[in-house]
> 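What follows is a structure written as structure tokens; I'll ask about it next.
Just so it is clear: chains get the letters A, B, ... in the order the sequence lines come, proteins before strands, and each one is counted from 1.
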Number of protein chains: 2
Amino acid sequence: MAVSPSRLDTPEPKPRNTARQQVDEAIRTALLTGRFIPGKAVTLRGLALELGVSPMPVREVIQRLAAENALEIRQNGRVQVPQMTPQRFDEILKARLLLEPELADMALPLLTKADANALEEIDSKIDASLGTGDAESYMRYNRDFHFRIYRSSRSEILLPLADSLWLQFAPYMRTVYGRVGTVNLVDQHKEAVRAIRNHDATALRLAISKDIEDGMGILGRAGLLDQ
Amino acid sequence: MAVSPSRLDTPEPKPRNTARQQVDEAIRTALLTGRFIPGKAVTLRGLALELGVSPMPVREVIQRLAAENALEIRQNGRVQVPQMTPQRFDEILKARLLLEPELADMALPLLTKADANALEEIDSKIDASLGTGDAESYMRYNRDFHFRIYRSSRSEILLPLADSLWLQFAPYMRTVYGRVGTVNLVDQHKEAVRAIRNHDATALRLAISKDIEDGMGILGRAGLLDQ
DNA sequence: TTGCAAATTTTGTGATCACAAATTACCACT
DNA sequence: AGTGGTAATTTGTGATCACAAAATTTGCAA
């Protein structure tokens, strides 16, 4: 008998490094850290030039992000970062409150002491960013904090859904921070870490829920009155 | 004064008819009605030939669907319809139970008597399809039934998330129906219509939840033992 | 018949080009 | 200076090509 693969699926030899993946990561990071302003036009050739590739991989990535509602393709074909609306904002908040506590709940049994320490480390960087008013760093570390938890869940379904949500509200939140600053920001990260250390599912769900509301609740809607 | 657009956004003149949209719709419908078998390889040139277009628009659509986890791009670049796994199945079920009752709840105030009648019409077609054992028609009409409700919510966030979920489980469910048939299928559609007519939010949520469990609960996991 | 290696084909990736539609720039005219 | 129309530019779309990697087929030898 042969020692052939025990599974008839996923041999998955070696990860290839395509230009598309680089472009994808670059644009996603830019969206998540708020380097794209809502309403701002995005052009294929512009991004391609900026990233040093041909328009080809950019086209594919834009389609990807448009499918996740992170970019908007108008009917004239032009691409832009979607504008936030009160309805969209409320729905994103609702969806986050449905999905993210669930993800945290799934992750909890898999979270180790090392994870808790790493989360504490990230949280201290968040505090540092808030102190210096560096909104871009804050957004990156805040994202890291949440998805360090969620990713531990090994979720294949809920995790991509949450990913899509973050891509949708991040650019807008960046504009809010630019307007009202970051000094008033509060979060429930220390409570979350404590809940993880105590293996307390109820407390973790509550911390995540409250954290989402802290981030988007009062502060968030404030910016929607004008624009 | 001018009669110019009252909003400073979205003039959106006329919808363009691109090859990409046609390809997108064709492949989505094929996935939702189970014409693609999980694990089946999908090739750019093959689809392009089949749909009478160049590989170009197919590439973009595949990227879109891959971003929604409706197609899987392996690390060697090959594309296939994702295989179902017990974990994925359970998570999809969980996600549906989180999102779809909420969508129905949002839709309820906007649903009219005409909607209820249309839903009843669709449900009769479902019964007809079940009678003749036409799984493909069943899947199309069942999809129509659910999204006729959900779409009424005018949701911009939760609706695309639910869309992604349906694309992920539809191909697998088709294989289940092919194995065990459709005669044993039960649903809660009549209860849902009744709840809509009575403007009973609690009853509608319950009907949707039970309907999801009827469709995926016992029957669904049965097929996961082998493959 | 079986195992293995070379050759052929298939496939995704990235780049370039042509084209049409939309946007922007420009300039004459009132 | 404001306005209207035309020209120039920009932009997304679709097609084709070259290339490399992977999968498949073929052919030869044990």
Side-chain angles (χ1 to χ4, degrees), chain A residues 1-5 7-27 36 39-67 70-82, chain B residues 1-5 7-27 36 39-67 69-83:
Chain A
M1 56 188 171
V3 287
S4 59
R7 295 287 177 279
L8 51 102
D9 50 2
T10 65
E12 298 301 336
K14 52 173 175 270
R16 295 202 305 176
N17 197 8
T18 65
R20 189 208 309 143
Q21 289 167 6
Q22 297 176 14
V23 172
D24 191 273
E25 195 179 327
I27 300 182
F36 284 171
K40 177 190 155 193
V42 165
T43 65
L44 293 182
R45 290 171 176 87
L47 282 177
L49 198 65
E50 197 173 329
L51 298 171
V53 296
S54 88
M56 204 60 249
V58 178
R59 282 170 70 168
E60 297 185 324
V61 170
I62 284 182
Q63 292 300 321
R64 283 186 149 268
L65 292 168
L71 290 177
E72 181 183 1
I73 301 182
R74 314 269 296 267
Q75 284 188 321
N76 58 10
R78 301 300 159 93
V79 183
Q80 68 174 41
V81 184
Chain B
M1 56 192 169
V3 288
S4 59
R7 295 287 176 279
L8 52 101
D9 50 2
T10 64
E12 298 299 338
K14 52 174 176 268
R16 293 203 305 176
N17 198 7
T18 65
R20 181 179 63 226
Q21 288 167 8
Q22 297 176 13
V23 171
D24 192 272
E25 195 179 326
I27 300 182
F36 284 172
K40 177 188 155 193
V42 165
T43 65
L44 293 181
R45 290 171 176 86
L47 282 177
L49 198 66
E50 196 174 329
L51 298 171
V53 295
S54 89
M56 204 61 246
V58 178
R59 282 170 70 168
E60 297 185 324
V61 170
I62 284 182
Q63 293 299 323
R64 283 186 149 267
L65 292 168
N69 293 299
L71 290 178
E72 182 183 1
I73 300 182
R74 313 269 295 267
Q75 284 188 321
N76 57 12
R78 301 300 159 92
V79 183
Q80 67 173 41
V81 184
Q83 299 267 18

> Nearest-nucleotide wise, let me know which of Met56(A) and Val79(A) is further upstream toward the 5' end of DNA chain D.
Val79(A)
> Once hydrogens and angles are ignored, does a donor-acceptor distance under 3.5 Å link the base of dG12(C) to the side chain of Arg45(B)?
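Under the 3.5 Å cut-off, the side chain and the base do form a donor-acceptor pair.
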> Within this structure, what is the NZ-to-P distance between Lys40(B) and dT11(C), rounded to whole angstrom?
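In whole Å, dT11(C) P and Lys40(B) NZ are 12 Å from each other.
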> Using the side chain to side chain contact (heavy atoms under 4.5 Å, CB included) rule, take Glu60(B) and Arg59(A) through it: C-alpha gap first, then chi angles, then the decisive distance, then the call.
CA-CA 7 Å; Glu60(B) 297 185 324; Arg59(A) 282 170 70 168; 3.2 Å; yes
> Please round to the nearest 0.5 Å and tell me the distance separating atom CD of Gln63(A) and atom CG of Asp24(B).
8.5 Å
> What is the minimum heavy-atom distance between Ala67(B) and Ala67(A), and which atoms define it?
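Here Ala67(B) and Ala67(A) meet closest at CB-CB, 4.3 Å.
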> How long is the line joining CD of Glu50(B) and P of dT11(C), in whole Å?
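Atom CD in Glu50(B) sits about 13 Å away from atom P in dT11(C).
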> Rounding to a whole Å, what distance do you find between Arg78(A):CZ and dA20(C):C1'?
12 Å
> Nearest heavy atom decides the nucleotide; on that basis, is Ile62(B) or Val53(A) closer to the 5' end of DNA chain C?
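Going by which nucleotide is closer to the 5' end, it is Ile62(B).
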> Which heavy-atom pair separates Pro82(B) from Asn69(B) by the least distance, and what is that distance?
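Taking Pro82(B) first and Asn69(B) second, the nearest heavy atoms are CG-O, 4.1 Å.
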> Measure CD/Gln63(A) against C1'/dG12(D) and give the value in whole Å, please.
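After rounding, the gap between these two atoms is 10 Å.
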> Which nucleotide, dG14(D), dG14(C), dT13(D), lies nearest any side-chain atom of Ala19(B)?
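Closest nucleotide to the Ala19(B) side chain: dG14(D).
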> Given atom CG of Leu47(A) and atom C1' of dT10(D), what is their separation to the nearest angstrom?
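About 15 Å, once rounded to whole Å.
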> So if I take the C1' atoms of five pairs at each end of the helix from dT1(C)-dA30(D) to dT30(C)-dA1(D) and get each local axis, what angle do the two axes make, rounded to 10 degrees?
0°
> Between P on dT13(D) and CG on Leu44(A), what's the gap in Å once rounded to a whole number?
7 Å
> Is there a side-chain polar atom (N or O) of Asn76(B) under 4.0 Å from OP1 or OP2 of dA23(D)?
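Result: yes.
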> With a 4.0 Å cutoff (strictly under), does any side-chain N or O of Arg20(B) reach OP1 or OP2 of dT13(D)?
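Indeed, a polar side-chain atom of Arg20(B) lies that close.
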> Quickly work out the Gln75(A) CD to dA21(C) P distance and round it to whole Å.
16 Å
> Once you apply a heavy-atom cut-off of 4.0 Å, does Val23(B) come out as touching a base, just sugar-phosphate, or nothing?
nothing
> Roughly how far, to the nearest 0.5 Å, is the CG atom of Leu47(B) from the CZ atom of Phe36(B)?
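Here the rounded value is 5.0 Å.
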> Quick one: closest heavy-atom pair of Gly46(A) and Thr43(A), and the distance?
N-OG1, 3.0 Å
> In whole angstroms, how far is the P atom of dG14(D) from the CD atom of Glu60(A)?
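Distance, rounded to whole Å: 14 Å.
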> Over all heavy atoms of both residues, which pair between Gly39(B) and Gln80(B) is shortest? Give the atoms and the distance, please.
O-OE1, 3.9 Å
> dG14(D) base to Arg59(A) side chain: any donor-acceptor pair below 3.5 Å?
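Side chain to base: pair present.
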